Colleague: 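Pasting a structure below so you can have a look.
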Amino acid sequence: MQAMTTEMERRFVEARRTYVRRDFKNLNDRQLEAVLATEGPLLILAGAGSGKTTVLIHRIANLLKYGRASDSEELPEGADEAMLAALEQGGEAGLAAARLYPVEPWRILAITFTNKAAGELKDRLTRMLGEEANDIWACTFHSACVRILRRDAERLGFPSNFTIYDTADSQSLVKHILKDQNLDEKSFAPRMLLAEISRAKDAQIGAARYLKEARASGDIRRIRIGEVYEEYMRRMFAAGAMDFDDLISFTVKLLQENEEVRGYWQRRFRYVLIDEYQDTNHLQYLLSSILAGGSGNICVVGDDDQSIYKFRGATIENILSFESEYKNCRVIRLEQNYRSTGQILDAANSVIRNNLGRKGKELWTNKDRGNPIVLYMADNEHEEAQYVASSILGDYGRGQNWRDHAVLYRMNAQSNQLEYAFKRNGIPYRIVGGTRFFDRAEVKDVLAYLCVIASPSDDLRLNRIINNPPRGIGARSVELAQEIAYREGLSLIEVLRGADRYPELSRAAIRMRQFAALLDELHERAKEITPDQLLDELLEKTGYLRMLEEKNTVEDTARAENVREIKTSILGYQKESGDRTLEGFLADVALYTDLDSYDKDADCVVMMTMHSAKGLEFPTVFIVGMEETIFPGIRAIGEPEEMEEERRLCYVAITRAMRQLHLVCAKQRMIFGRTTSNRVSRFVDEIPESCLQKKNMQRGYGYHERREEPGFAHKAPAVRPPVHAPAPPVKKATPATDFSLGDRVKHKAFGVGKIVKMTPMGGDFLIDVEFDRIGVKKLMLRVAAMNMEKL
DNA sequence: CGCACCACAATTTTT
DNA sequence: TTGTGGTGCG
């Protein structure tokens with residue numbers, strides 16, 4: 001066969017690129033470029049709503065189907081004119097010529113931040129590529145590390161079935177240590193200690209070095225912290241446990257220090273993709289760069305403007321300095337937004353423009369201008385919530401779904417009034433975040449049982465359950481036993497087993513031995529039966545469920561319900577993963593969050609913090625509490641860096657909205673039991689006036705407006721209106737109460753109905769209205785009257 | 001040992 | 001305002 005000429009080689013490469021391109025017709029130019037640039041380091045700056053996930057999916061599809069064909073000059077073996085012709089023709093026949101080292105799915109590592117994102121990625125990949133997609137590693141940093149560590153944790157001295165401590169576990173451990181070291185929780189706040197330990201781990205400073213440096217500095221406080229750190233690591237190690245940071249830092253350590261392990265993974269992964277790169281910390285950066293170190297094919301996707309987790313150690317530097325870190329890297333900006341209308345994007349752009357130190361990006365859209373952003377000023381937090389509720393009722397009446405609406409706030413504490421308003425108005429809602437299912441005390445208790453059964457040396461969890469339900473082993477006895485354990489170098493359960501041998505335990509010794517025997521028995525049973533069966537046995541034999549059922553209060557019934565719910569979750573795991581091991585379930589649970597269970601399909605208004613909203617979108621979004629000291633939060637005021645993070649948060653919140661955005665503030669509000677009066681958020685001022693439709697706005701509260709009295713905003717008692725704003729007419733909250741039993745009414749959202757029941761309640765009435773379309777609804781009359789007329 | 005009461009503090013939190 | 005954690009009593 002005649003070798004191809006240079007000219008033909010050029011044509012071949014060109015034709016091949018065109019061939020591959022045909023598979024991705026539905027992408028825009030920038031997206032396409034990002035999909036085709038498979039080789040070497042690549043930074044994709046993906047603005048909000050720019051089709052980032054689509055790009056990731058197609059990029060992977062490209063790798064699997066064509067390998068590096070779209071991004072290489074290399075010709076396949078035996079390239080000849082016939083192949084070139086087939087390519088140029090563009091038919092099925094060209095496929096063989098177009099492929100260049102197609103990638104095996106298991107050579108692709110795609111890392112996201114949430115299980116939810118990972119799950120979505122997997123789903124979409126499976127839908128597009130079929131079963132083959134199952135071999136792709138699409139997971140979170142943490143779950144990737146768990147998989148790596150399960151294989152080689154022994155090299156670090158950990159058992160391969162190490163347990164994972166969540167934040168609450170870590171906190172509880174720190175508290176124990178503080179107590180043992182006679183340190184005061186006031187001056188050594190566990191939260192602060194953990195943050196410091198986390199920072200040290202991120203900087204790869206081990207406890208020994210931390211302590212050494214602290215001693216050298218002579219700073220007594222740092223020495224104490226170092227001692228806590230050291231003890232923390234010691235106990236974690238003894239318990240065979242790792243916290244979230246450890247998962248990453250030990251993986252990095254393992255890879256850095258062990259050439260064999262490093263080589264194994266580097267040879268395995270040819271393509272590494274990292275999503276939400278702006279949220280990575282230093283350690284995660286290291287991990288990704290090591291894992292991609294074999295091939296050098298690292299693709300990171302992120303948006304510096306959406307970095308909102310600095311407080312968790314994320315460093316925006318990672319994304320800002322990617323270009324200098326990887327000298328030959330390519331940068332692609334995705335700026336076309338497919339989500340929001342023009343005015344919403346204008347608002348987002350002009351807010352974020354006020355930040356310094358960004359890569360610079362401007363979102364644009366083909367969509368029309370859309371509706372202006374509604375800016376509403378409520379009298380107080382009560383009315384704020386009612387405004388949101390009424391607006392949603394109106395939309396619902398016009399045919400929109402509840403689920404098309406999201407209410408975003410800065411802090412969870414703001415959700416209360418909204419909840420009441422939704423309840424009063426009969427609006428179905430759902431709160432994402434807050435206390436999570438797996439953070440509830442009763443759930444943690446039961447999981448602690450399972451943990452101890454799985455790994456008996458887990459002293460921390462054993463401590464949690466040793467006298468729960470009460471079995472006559474008091475705090476003092478536990479303390480004594482724990483002391484003995486330290487002294488003898490045993491784990492707590494070993495002391496319990498041989499409790500007779502320690503005279504100081506005299507009184508509780510029998511019960512201790514009984515309890516240890518029970519745990520040992522369950523430990524043995526765990527080898528024979530499935531986790532769900534074990535759970536049943538455990539709840540029965542420990543008397544835990546009985547304890548809750550006997551109490552019979554509302555709370556305890558709910559708790560018992562939650563405990564039973566764990567079974568659902570175990571069964572779900574067994575079904576999903578096909579795995580029947582207790583360890584597997586526990587590892588999964590440790591990395592599970594509530595966000596994962598957020599169900600898009602239920603028709604409910606969604607309430608959550610702006611942080612939780614990242615990555616989601618809704619036709620209509622309400623951002624409430626648009627006031628200085630709330631958003632931006634008080635802690636950010638006067639702190640330029642923090643302020644920029646708040647502004648990014650604002651950018652994230654605004655860009656969640658597809659069609660309609662409401663910004664709501666209140667002239668005064670009660671927060672943490674105090675009434676305050678704040679000016680309108682500076683972020684509102686950063687939005688062009690032309691995008692805003694002001695409702696109920698009153699002068700004197702603007703951020704930009706000069707204050708007549710110095711310090712007014714901080715000192716003025718809530719009740720006093722600003723001097724130059726005439727006192728607003730006092731709005732009587734009492735609505736027309738001329739509704740009575742049997743009335744035919746027309747409600748803004750629920751349509752026509754009849755009042756079938758009226759129950760006096762707290763100076764108001766709870767009414768049951770039988771609506772023609774949707775049946776009976778319970779509403780508070782006073783509130784309902786605002787949205788309802790008599791027929 | 002367990003419960004009741006009081007003081008206190010209180011962003012955000014993908015794992 | 002809410003939740004939590006510590007103390008003191010039965």
Side-chain angles (χ1 to χ4, degrees), chain A residues 111-119 139-146 164-172 175 179 185-186 189-191 194-195 198 242-248 275-276 278-281 283-284 306-314 381 408-417 420 432-436 438-439 441 467-478 507-508 511 587-596 598 608-616 625 629-637 642 645-646 648-650 652-653 669-675:
Chain A
I111 294 185
T112 60
F113 263 78
T114 60
N115 297 309
K116 186 165 162 278
C139 52
T140 63
F141 269 108
H142 298 269
S143 58
C145 287
V146 170
I164 300 166
Y165 276 10
D166 67 17
T167 318
D169 295 325
S170 300
Q171 213 160 74
S172 144
K175 283 183 186 169
K179 209 171 157 218
E185 269 188 42
K186 291 256 161 58
R191 262 173 66 128
L194 282 165
S198 181
M242 295 195 201
D243 65 21
F244 290 138
D245 292 323
D246 291 336
L247 291 177
I248 313 232
D275 193 10
E276 306 281 12
Q278 74 281 357
D279 291 333
T280 50
N281 60 28
L283 222 39
Q284 289 163 333
Q306 290 191 67
S307 160
I308 53 172
Y309 284 104
K310 201 185 79 181
F311 68 91
R312 280 185 78 250
E381 79 280 3
L408 310 182
Y409 34 80
R410 181 66 241 265
M411 339 170 240
N412 286 119
Q414 289 171 260
S415 68
N416 255 327
Q417 286 306 319
Y420 293 139
V432 177
T435 313
R436 304 174 208 180
F438 287 103
D439 282 346
N467 199 32
N468 182 5
R471 48 175 70 85
I473 307 175
R476 180 72 201 131
S477 311
V478 177
R507 262 185 300 166
R511 278 156 288 181
D588 207 59
V589 156
L591 300 178
Y592 188 90
T593 62
D594 227 28
L595 202 64
D596 305 331
Y598 158 66
M608 65 184 121
T609 63
M610 300 179 203
H611 281 89
S612 305
K614 196 165 107 183
L616 305 174
T629 74
I630 302 216
F631 187 43
I634 190 143
R635 292 179 146 85
I637 292 170
E642 303 269 314
E645 179 132 324
E646 295 277 306
R648 290 193 291 269
L649 187 57
C650 185
V652 167
R669 79 170 59 233
M670 174 113 91
I671 197 114
F672 299 141
R674 283 168 95 94
T675 304

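Chain letters run A, B, ... following the sequence lines, proteins first, then strands; residues in each count from 1. Values in this document were obtained by computation on a predicted structure and should not be read as measured data.
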Colleague: For a quick check of understanding: with a heavy-atom distance under 4.0 Å over all strands, which category does Glu276(A) fall into, base, sugar-phosphate or nothing?
Modeller: nothing

Colleague: Grab the CG-P distance between Asn468(A) and dC3(B) for me, whole Å please.
Modeller: 11 Å

Colleague: Identify whether any heavy atom of Arg191(A) sits under 4.0 Å from a base atom; if not, whether one sits that close to sugar-phosphate; answer base, sugar-phosphate or nothing.
Modeller: base

Colleague: Assign dT12(B) to syn or anti; the rule is syn for a glycosidic angle within 90° of 0 and anti otherwise.
Modeller: anti

Colleague: Looking at OG of Ser415(A) and OH of Tyr420(A), how far apart are the two atoms once the value is rounded to the nearest 0.5 Å?
Modeller: 9.5 Å

Colleague: Between Phe244(A) and Asn467(A), who's closer to the 5' end of DNA chain B by nearest nucleotide?
Modeller: Asn467(A)

Colleague: Can a side-chain donor-acceptor contact be found between Ser612(A) and Thr609(A) if the only test is distance below 3.5 angstrom?
Modeller: yes

Colleague: Over how many whole Å does the gap from Phe672(A) atom CZ to dT1(C) atom P extend?
Modeller: 13 Å

Colleague: May I ask you to say what Gln417(A) touches in the nucleic acid, namely base, sugar-phosphate or nothing, with a heavy-atom cut-off under 4.0 Å?
Modeller: nothing

Colleague: List for me each residue that meets ring-ring contact (aromatic ring centres under 6.0 Å, His included) alongside Tyr409(A), sequence neighbours excluded, and say none if there are none.
Modeller: none

Colleague: Work out how far the P atom of dT13(B) is from that of dT4(C), and round it to whole angstrom.
Modeller: 16 Å

Colleague: Do Met411(A) and Ile671(A) have side-chain heavy atoms sitting under 4.5 Å apart?
Modeller: yes

Colleague: Classify every nucleotide of nucleotides 2-7 of chain C by which part a protein heavy atom approaches to under 4.0 Å, writing B for the base, S for the sugar-phosphate alone and - for neither, in 5'-to-3' order.
Modeller: S--SS-

Colleague: Taking only side-chain N and O atoms of Thr609(A), does any of them lie within less than 4.0 angstrom of OP1 or OP2 on dT13(B)?
Modeller: yes

Colleague: Starting at CD1 of Ile630(A) and ending at C1' of dA10(B), how long is that distance when rounded to a whole Å?
Modeller: 13 Å

Colleague: With heavy atoms under 4.0 Å as the rule, sort Ile111(A) into base, sugar-phosphate or nothing.
Modeller: nothing

Colleague: To the side chain of Arg635(A), which of dT1(C), dT11(B), dT13(B) is closest?
Modeller: dT11(B)

Colleague: Using a heavy-atom cut-off of 4.0 Å across all strands, would you classify Ala475(A) as base, sugar-phosphate, or nothing?
Modeller: sugar-phosphate

Colleague: When all nucleic acid strands are considered with a 4.0 Å heavy-atom cut-off, which category describes Tyr309(A): base, sugar-phosphate, or nothing?
Modeller: base

Colleague: In whole angstrom, what separates Met411(A)'s CE from dT11(B)'s P?
Modeller: 8 Å

Colleague: Which residues pass the salt bridge (charged side-chain N to carboxylate O under 4.0 Å, His left out) test with Glu381(A), not counting sequence neighbours?
Modeller: none

Colleague: Does dT13(B) have its OP1 or OP2 closer than 4.0 Å to a side-chain nitrogen or oxygen of Ser612(A)?
Modeller: yes

Colleague: Counting the atoms with a prime plus P, OP1 and OP2 as sugar-phosphate, which does Arg674(A) contact under 4.0 Å by heavy atoms, base, sugar-phosphate, or nothing?
Modeller: nothing

Colleague: Is Phe311(A) close to Glu645(A) at the side-chain level, that is, under 4.5 Å between some pair of heavy atoms?
Modeller: yes

Colleague: For the pair Asp279(A) and Lys614(A), find out whether any cationic side-chain nitrogen is under 4.0 Å from an anionic carboxylate oxygen.
Modeller: yes

Colleague: Is there a side-chain contact between Asp243(A) and Asp169(A) (heavy atoms, below 4.5 Å)?
Modeller: no

Colleague: Is Asn467(A) reaching over with its side chain to a backbone N or O of Gly472(A), donor-acceptor style, under 3.5 angstrom?
Modeller: yes

Colleague: Given the P atoms of dT12(B) and dG5(C), what is the spacing between them in whole Å?
Modeller: 16 Å

Colleague: Separation of Met670(A) atom CE from dT1(C) atom P, in whole Å?
Modeller: 5 Å

Colleague: How many Å lie between CD1 on Ile634(A) and C1' on dT12(B), as a whole number?
Modeller: 15 Å

Colleague: Taking any heavy-atom pair under 4.0 Å as a contact, classify Asn412(A): base, sugar-phosphate, or nothing.
Modeller: sugar-phosphate

Colleague: Just to be sure I understand the rule, does Thr167(A) reach a base, reach only the sugar-phosphate, or reach nothing, if contact means heavy atoms closer than 4.0 Å?
Modeller: base

Colleague: What integer distance in Å separates Lys186(A):NZ from dC8(B):P?
Modeller: 8 Å

Colleague: Taking atom P of dT13(B) as reference, at what distance in whole Å does atom CZ of Phe141(A) sit?
Modeller: 21 Å

